[in-house]
Amino acid sequence: MHKDHNTSSSAPSTRRIRHRRRSNEIPHELSKLNGTHLLINDQDKYKSMWIRAHSSLWMVGGFLVIIYLGHLYIWATVVVIQIFMARELFNLLRRAHEDRRLPGFRLLNWHFFFTAMLFVYGRIISQRLVNTVTSDKFFYRLVSGFVKYQMVICYFLYIAGFMWFILALKKKMYEYQFGQYAWTHMILIIVFTQSAFTVANIFEGIFWFLLPASLIAINDVAAYIFGFFFGKTPLIKLSPKKTWEGFIGASVATVISAFVLANILGNFQWLTCPRKDLSAGWLKCDPGPLFKAENYPLPGWISDWFPWKEISVLPVQWHAMWLGLFASIIAPFGGFFASGFKRAFKIKDFGDSIPGHGGFTDRMDCQMIMAVFAYIYHQSFVFQQDYSVETVLDQILGSLTLEEQQILYLKLRQIFQERQLKGT
């Protein structure tokens, strides 16, 4: 009787879970194919291609508008995408039956999420926030205080969530609650550890965000097209529709696109300038040697056939080719990891927010890996430590209050005037 009771009580819960995930579950027939269901053999591929193309056009159009608006709007878009990703991942292991017995438990997950957001972005934009409000004494003090005690604030917010979790523990639900607690922290690592690099790239210059993101999109589209028309050799069992033809064709197309696209983007000054504050205006700056064209003479046999004697290349284009190689060879493994993850949970997509593409998490699996590499590459091989007077003053002034800056200014003016008198 005890066994029958457990079976009957678990049945409704199972039915509820299946009903909630019906749109995401992998069909039984598709799971049986395990690598033989190639895109070239898919009878519905033209319908699927039309849906994906229509959604892609909307995404590209919206993306270009956001890029045009500038750094702050791009950052806001990244935050919105993170929220959607977190929602999709939170729902992955959610159980309606248990959640009804734990009122406020979902709210606790979001408490940890926004605490992590405050900590990560507070570290990234603190100095830029100070630079933005220096003209207003009240806001300067307020922001300076926040920057100074930001780690303390975030720590106690996390401790409050930790205590909330302990007080919410219920008998016979410990396993589910601790599983959700661990899953929440894993989501925070996945979403914030990598997306923080994305935001850092944005403020280093939109170029270093836009180029890597575009290369991932180009590689994805090229792999789909080459696989659509030529794909016959399965690449990996985790992704049945991926083929060697699509992988190789997309790699060549991505590297060539990286070289060409870097030249196009590198000629827009507002894309290459770093943002040192949180204002919304367009930027003007010295583009630096990476974005100044260098001329290379062409071989004689080329100039005999074509009118060009030399070719103009931006030095950043050579760096872009390394980004293209990573985007086409290494970054796709982020997609393979996501495919294995979805197979482990027997779902087709993480969500259905984007028609033909799945959820936001499905679109960001390769982007997050690419963002980390782009930041590391920029800091290691592109960024040059600049210890100019302007940089030193920025560091000094950033650590002083408004009154201390005024005192420093008066003392420097006094010293300057004394030296002028001695010189005369």
Side-chain angles (χ1 to χ4, degrees), residues 66 69-87 107-165 184-185 187-206 208-209 273-281 283 371-372 375 379 383 386 390-410:
I66 293 168
L69 293 174
H71 299 72
L72 292 183
Y73 293 91
I74 302 172
W75 174 35
T77 303
V78 171
V79 172
V80 171
I81 291 174
Q82 286 178 334
I83 292 173
F84 275 97
M85 288 176 61
R87 184 175 67 88
L107 185 61
L108 176 60
N109 289 339
W110 288 108
H111 170 83
F112 283 122
F113 177 84
F114 286 108
T115 299
M117 180 180 290
L118 182 65
F119 175 78
V120 171
Y121 292 142
R123 303 285 290 178
I124 294 174
I125 68 169
S126 58
Q127 186 56 51
R128 295 177 176 88
L129 188 60
V130 171
N131 294 339
T132 306
V133 299
T134 50
S135 59
D136 190 289
K137 187 174 181 180
F138 172 77
F139 283 107
Y140 181 83
R141 286 183 174 179
L142 184 65
V143 171
S144 298
F146 169 76
V147 170
K148 183 177 181 180
Y149 300 108
Q150 182 241 351
M151 290 186 66
V152 176
I153 294 170
C154 293
Y155 175 75
F156 279 103
L157 283 174
Y158 178 83
I159 290 298
F162 176 75
M163 296 171 62
W164 181 358
F165 169 75
T184 299
H185 284 70
I187 292 172
L188 298 182
I189 293 173
I190 292 173
V191 174
F192 283 107
T193 301
Q194 300 187 39
S195 59
F197 291 98
T198 303
V199 177
N201 290 336
I202 293 170
F203 287 105
E204 288 292 342
I206 296 177
W208 297 106
F209 161 77
C273 297
R275 171 68 73 181
K276 296 183 179 180
D277 55 26
L278 297 181
S279 59
L283 294 173
V372 176
Y375 179 82
Q379 295 297 313
F383 179 75
D386 183 12
E390 181 183 356
T391 303
V392 174
L393 285 176
D394 283 342
Q395 294 292 327
I396 295 174
L397 295 177
S399 61
L400 301 177
T401 64
L402 185 61
E403 292 82 356
E404 291 171 337
Q405 290 183 28
Q406 292 173 344
I407 293 172
L408 177 62
Y409 170 74
L410 293 174

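Counting begins at 1 with the first residue of the sequence.
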Flag the pair Tyr149 / Ser144 as yes when at least one side-chain heavy-atom distance between them is below 4.5 Å, and no otherwise.
no
When rounded to the nearest 0.5 angstrom, what distance separates CZ in Phe119 from OH in Tyr158?
12.5 Å
Would you compute the distance between atom CG of Leu283 and atom NZ of Lys276 and round it to the nearest 0.5 angstrom?
10.5 Å
Approximate separation, where rounding is to 0.5 Å, of Met163 CE and Phe156 CZ
10.5 Å
Phe113 versus Leu188, closest heavy-atom pair with distance:
CA-CD2, 3.6 Å
Side chains of Trp164 and Ile159 in contact at under 4.5 Å (non-hydrogen atoms)
no
Quick one, Arg87 with Trp110, criterion side chain to side chain contact (heavy atoms under 4.5 Å, CB included). Give me CA distance, side-chain angles, the key distance, then yes/no.
CA-CA 9 Å; Arg87 184 175 67 88; Trp110 288 108; 4.0 Å; yes
Taking all atoms of both residues into account, what is the closest heavy-atom pair of Ile202 and His71, and its distance?
O-CD2, 3.2 Å
Nearest heavy-atom approach of Val120 to Ala196 is CG1-CB, 3.4 Å
Please find the pair of heavy atoms, one from Met117 and one from Ile83, that lie closest to each other, and give the distance.
CE-CG1, 4.5 Å
Over all heavy atoms of both residues, which pair between Glu204 and Gln379 is shortest? Give the atoms and the distance, please.
OE2-NE2, 3.7 Å
Kindly give the heavy-atom pair with the smallest separation between Thr115 and Cys154, and that separation in Å.
CG2-O, 3.6 Å
Test ring pair (Phe, Tyr, Trp, His ring centres under 6.0 Å) on Trp208 and Tyr375 and set out the steps.
CA-CA 8 Å; Trp208 297 106; Tyr375 179 82; over 10 Å; no
Crowded around Arg123 CZ? As in, over 12 foreign heavy atoms under 6.0 Å?
no
So, taking the atom named CG in Leu157 and the one named CZ in Phe112, what distance separates them when rounded to the nearest 0.5 Å?
10.5 Å
Measure the CD1-CD1 distance between Ile66 and Ile206 for me, rounded to the nearest 0.5 Å.
11.5 Å
Do Val78 and Gln82 have side chains that approach each other closer than 4.5 Å (heavy atoms only, starting at C-beta)?
yes
With heavy-atom distances below 4.5 Å as the criterion, would you say the side chains of Phe203 and Val199 are in contact?
yes
Rounded to the nearest 0.5 Å, what separates atom OG1 in Thr198 from atom CD1 in Ile74?
11.5 Å
Counting only heavy atoms not in Tyr73 (residues, nucleotides, ligands), do more than 12 fall under 6.0 Å from its OH?
no
